[in-house]
Amino acid sequence: MPELPEVETTRRGIEPHILDREITRVVVREKKLRWPVPVKLPSLVSGQQVLSVKRRAKYLLIDLGTGTLMIHLGMSGSLRIVAASLRAEKHDHVDFELQGGNVLRYRDPRKFGSILWIDREIGQHPLLVNLGPEPLTEDFSSDYLYALSRKRKAPVKSFIMDSHVVVGVGNIYANEALFRAGIRPTRQAGTISKVKYQLLVATIKEILAQAIKVGGTTLRDFTGGNGEPGYFKQSLAVYGRGGEPCVSCNKPLKEIRQGQRSTVYCTGCQR
DNA sequence: AAATCTCCCTGTAGGC
DNA sequence: TGCCTACAGGGAGATT
């Protein structure tokens, strides 16, 4: 389940293979993703050169000059560089064939991802225009988060997972950041002190930066641009560890559901 | 405005 | 080659 570090890892993995290169042909085997793959995608993309490979939130933005490919990996999506001779397997939905014999291959078993074509100013796109700041920029500060949290009654975990508040904090990292900051996920966002938010913001930045550094977390079906798994999973303190002892105080970790998402925390260390 | 709910999909885990 | 069911999850869009 790609979170922001995995998406950034993918971006860095594919960039050197596609930047300045021409996409010679596009093969769409399955167009039924989160939104339909545009029917005209092959004709729009074929013959265009990749001008840049960027990311906003969990969207990968591949600028082709005449427009931008906006790709989301959903929960099970991946983009890999493979040899054109490598046969497509089940769930390999779209191929972007590159000048030189390689293919940028999109796979997504659960089809929660998307491949869209944006032919206007990218920042104005409705999917991007209302997003909160990137977590690893100065715009995401404790002053910002504290001010925004006032009078918010939603649980702090839902609050930091809201993409209008800050992007890229998915379920895994929300659980981990709240544990490390010693904040109980069920606390109303508006009741948490400025000092705690300073700690939380620093922790979120630290965790995401660390995860990017080691190449993203690998859970189930994610692999990086080269097909190499990341290594962050080893350092997860609470996610997926409900009932197991807290790494800090040994109490069994509590697991609950918040908004259809699994939350794990320590009743001793998080208050 | 903010909070909550619903839905898309299929591999995996667990029960038997 | 065991079969069946519940569950997981990103996040947009609808609903309250």
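All values below come from the heavy atoms of this structure, side chains included, with hydrogens, waters and symmetry mates left out. First the proteins, then the strands, lettered A, B, ... as listed; each starts at 1.
- The separation between Leu73(A) atom CG and dC9(B) atom P is 18 Å, rounded to whole Å.
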Between side-chain atoms of residues 186-196 of chain A and protein atoms elsewhere (two or more places apart, or another chain), which donor-acceptor pairs fall under 3.5 Å?
| residue | atom | partner | partner atom | Å |
| --- | --- | --- | --- | --- |
| Arg187(A) | NE | Thr191(A) | OG1 | 3.3 |
| Arg187(A) | NH1 | Arg271(A) | O | 3.1 |
| Arg187(A) | NH2 | Thr191(A) | O | 3.0 |
| Thr191(A) | OG1 | Gln188(A) | O | 2.8 |
| Ser193(A) | OG | Lys196(A) | N | 3.1 |
| Lys194(A) | NZ | Asp143(A) | OD1 | 3.2 |
| Lys196(A) | NZ | Ala181(A) | O | 3.4 |

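- Atom CG of Asn175(A) is separated from atom P of dG10(C) by 10 Å (rounded to the nearest Å).
- The closest donor-acceptor contact from the side chain of Asp63(A) to the backbone of Ser52(A) lies at 3.5 Å or more, if one exists at all.
- Per the geometry, OH belonging to Tyr173(A) stands 14 Å off P belonging to dG9(C), to the nearest Å.
- Rounded to the nearest 0.5 Å, atoms CG (Leu104(A)) and CD (Glu97(A)) are 11.0 Å apart.
- Comparing the local axis fitted to the first five base pairs of the helix from dA2(B)-dT16(C) to dC16(B)-dG2(C) with the one fitted to its last five gives a bend of 50°, rounded to 10°.
- Between Tyr59(A) and the phosphate of dA12(C), there is a side-chain N or O to OP1/OP2 separation shorter than 4.0 Å.
- As a whole-Å value, the separation of Met161(A) CE from dG10(C) C1' is 8 Å.
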**Asked** Can you give one letter per nucleotide of nucleotides 2-7 of chain B, going 5' to 3': B for a protein heavy atom under 4.0 Å from the base, S for sugar-phosphate only, - for none?
**Response** SS--B-
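- Applying the salt bridge (Lys or Arg N to Asp or Glu O under 4.0 Å) test to Arg55(A) and every residue at least two apart in sequence or in another chain returns Glu8(A), Glu134(A).
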Please tabulate, for side-chain N and O atoms in residues 151-160 of chain A, each donor-acceptor pair with protein atoms closer than 3.5 Å (sequence neighbours left out).
| residue | atom | partner | partner atom | Å |
| --- | --- | --- | --- | --- |
| Lys157(A) | NZ | Asn171(A) | OD1 | 2.7 |
| Lys157(A) | NZ | Ser262(A) | O | 3.4 |
| Lys157(A) | NZ | Thr263(A) | OG1 | 2.8 |

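- At a threshold of 4.5 Å between non-hydrogen side-chain atoms, the residues Thr267(A) and Arg184(A) count as touching.
- Under 4.0 angstrom from either OP1 or OP2 of dA8(C) there lies no side-chain N or O belonging to Tyr239(A).
- Residue pairs meeting the ring-ring contact (aromatic ring centres under 6.0 Å, His included) criterion with at least one partner in residues 241-271 of chain A, sequence neighbours excluded, are absent.
- Legend: side chain to side chain donor-acceptor pair (under 3.5 Å) pairs involving residues 240-249 of chain A, not counting sequence neighbours, sorted by first then second residue: Arg241(A)-Glu244(A).
- For residues 176-198 of chain A, there are no ring-ring contact (aromatic ring centres under 6.0 Å, His included) pairs, not counting sequence neighbours.
- Taking CG of Leu60(A) as the start and CD1 of Ile115(A) as the end, the distance is 10.5 Å to the nearest 0.5 Å.
- Across residues 87-95 of chain A, not one residue has a non-hydrogen atom less than 4.0 Å from an atom of DNA chain C.
- For Arg257(A), no side-chain nitrogen or oxygen approaches OP1 or OP2 of dC7(C) to under 4.0 Å.
- To the nearest angstrom, P of dG11(C) lies 15 Å from CG of Leu33(A).
- A donor-acceptor contact shorter than 3.5 Å is absent between the side chain of Glu15(A) and the backbone of Arg11(A).
- A straight line from CD of Glu6(A) to P of dG10(C) spans 10 Å, rounded to a whole angstrom.
- Partners of His72(A) by ring pair (Phe, Tyr, Trp, His ring centres under 6.0 Å), not counting sequence neighbours, listed by chain and number: Tyr59(A).
- As a whole-Å value, the separation of Tyr106(A) OH from dC9(B) P is 13 Å.
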Per-pair distances, 0.1 Å, donor-acceptor, side chain in residues 32-50 of chain A, under 3.5 Å, sequence neighbours excluded:
| residue | atom | partner | partner atom | Å |
| --- | --- | --- | --- | --- |
| Ser43(A) | OG | Lys40(A) | O | 2.9 |
| Ser46(A) | OG | Pro42(A) | O | 2.6 |
| Gln49(A) | NE2 | Asp20(A) | O | 2.7 |

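- Counting to the nearest Å, the C1' atom of dA12(C) and the NE2 atom of His164(A) are 9 Å from each other.
- Interface residues of residues 111-122 of chain A facing DNA chain B, ordered by number: Lys111(A), Phe112(A); criterion, heavy-atom separation under 4.0 Å.
- Leu127(A) comes within 4.0 angstrom of the backbone, heavy atoms only, and of no base.
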**Request:** Could you give me the CA-CA distance, side-chain angles and deciding distance for Arg107(A) and Glu89(A), then say whether side-chain contact (heavy atoms from CB on, under 4.5 Å) is met?
**Result:** CA-CA 9 Å; Arg107(A) 171 183 296 192; Glu89(A) 295 178 26; 3.7 Å; yes
